[in-house]
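Notes for the one structure printed next.
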Amino acid sequence: MIAIYPGSFDPITNGHLDIIERCAKKFDKVIVAVSVNLNKKSAFTIEERVDMIRELLVDSENIEVDSFQGLLVDYTKNKGADVIIRGLRAVSDYEYEMQMSMYNKELYPDIETLFLVARGNYSYLSSSIVKEVAYYGGDITRFVPPSIEEKISAKLKGGL
Ligand code: PNS
């Protein structure tokens with residue numbers, strides 16, 4: 001069974017990577033699908049985000065990294081999948097996630113959204129906060145892999 005793990009991943013964090021690794025153990029194939037969240041201003045281009053994730057997951061046999069434009073349900077259908085994975089951190093994520101999963105089910109009734117609860121130490125982690133901490137010179141080594149930390153530093157030099 002194929003699972004789609006969609007997100008903006010701007011950039012990917014250790015929390016996302018944990019969800020991906022856990023999913024890869026349960027599904028035949030996991031497609032990490034980078035896309036645009038119209039409500040968020042992004043720091044990295046879609047191509048940059050895909051490349052960063054590919055570099056990290058290069059040795060994973062059943063994980064594919066891709067990007068899409070348009071509706072997630074259309075992308076999911078085109079990939080022959082009907083399972084969407086989302087991570088849930090705190091209760092505050094719930095309302096938005098519930099709404100999104102209901103819309104997606106309305107648009108494509110066969111689809112199921114499965115939620116993985118973030119591990120305790122990642123329950124407060126978000127790409128936006130990581131970027132903000134880095135912007136103000138804080139240490140982000142616990143939150144992202146070293147290659148991502150480098151890319152954030154390089155991006156900050158050019159202005160986020
Ligand atoms: O990591 P994010 O920002 O929470 O991911 C949100 C994302 C990219 C999965 C969501 O915005 C999305 O699915 N965008 C594609 C367009 C779409 O299908 N929108 C309707 C969702 S109900």
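Both counts, for ligands and for their atoms, begin at 1 and track the order of listing.
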Worksheet entry | Atoms in ligand 1 flagged as close to Tyr96, the criterion being non-hydrogen separation under 4.0 Å | 4 (O), 6 (C)
Practice prompt. Return a yes/no value for Lys40: is any of its N or O atoms, backbone included, closer than 3.5 angstrom to an N or O of ligand 1?
Written response: yes
Worksheet item: Can you tell me if Arg89 uses its side chain to pair, donor with acceptor, with the backbone of Gly15 under 3.5 Å?
Response: no
Worksheet item: Going by side-chain heavy atoms closer than 4.5 Å, which hydrophobic residues are tied to Ile111, directly or by a chain of links?
Response: Ile2, Ile4, Ile31, Phe68, Leu71, Leu72, Val73, Tyr75, Ile84, Leu107, Tyr108
Item to complete: With heavy atoms under 4.0 Å as the rule, classify the contact between Gln99 and ligand 1 as side chain, backbone, both or neither.
Response: neither
Item to complete: Have a look at ligand 1 and work out which part of Arg86, if any, has a heavy atom under 4.0 Å from it: side chain, backbone, both or neither.
Response: side chain
Worksheet item: Does Asn104 approach ligand 1 within less than 4.0 angstrom via side chain, backbone, both or neither, non-hydrogen atoms only?
Response: side chain
Response to the item:
Among non-hydrogen protein atoms, atom 21 (C) of ligand 1 lies closest to Met100 CG, 3.7 Å
Worksheet item: Do any N/O atoms on Ser35 end up under 3.5 angstrom from N/O atoms on ligand 1?
Response: no
Practice prompt. Write out the residue and atom name of the closest protein heavy atom to atom 1 (O) of ligand 1, then the distance separating them to 0.1 Å.
Written response: Ser8 N, 2.9 Å
Discussion item. Do Lys131 and Leu156 have side chains that approach each other closer than 4.5 Å (heavy atoms only, starting at C-beta)?
Written reply: no
Discussion item. I'd like to know whether CE of Met98 has more than 12 heavy-atom contacts from other residues, nucleotides or ligands below 6.0 angstrom.
Written reply: yes
Fill in: Shortest protein contact, atom 20 (C) of ligand 1 (heavy atom only)
Leu71 CD2, 4.1 Å
Fill in: Thr141 and Asp139 side chains, donor-acceptor separation under 3.5 Å
yes
Worksheet item: Touching ligand 1 at all, Val36? Heavy atoms, strictly under 4.0 Å?
Response: yes
Item to complete: Report yes if the side chains of Leu88 and Glu97 come closer than 4.5 Å at any heavy-atom pair, otherwise no.
Response: yes
Worksheet item: Does any non-hydrogen side-chain atom of Arg49 lie less than 4.5 Å from one of Ser42?
Response: yes
Worksheet entry | Protein residue, atom and distance nearest to atom 18 (O) of ligand 1, heavy-atom basis | Leu72 N, 2.8 Å
Fill in: Option of least heavy-atom distance to atom 15 (C) of ligand 1 (set: Ser101, Pro6, Gly70)
Gly70
Worksheet, complete the sentence: Under 4.0 Å from one or more heavy atoms of Tyr103, ligand 1 contributes atoms 22 (S)
Fill in: Check: Ala43 main-chain N/O paired with Asp10 side-chain donor or acceptor under 3.5 Å
yes
Item to complete: Please answer whether the main-chain N or O of Met100 pairs with a side-chain N or O of Asn104 as donor and acceptor at a distance below 3.5 Å.
Response: yes
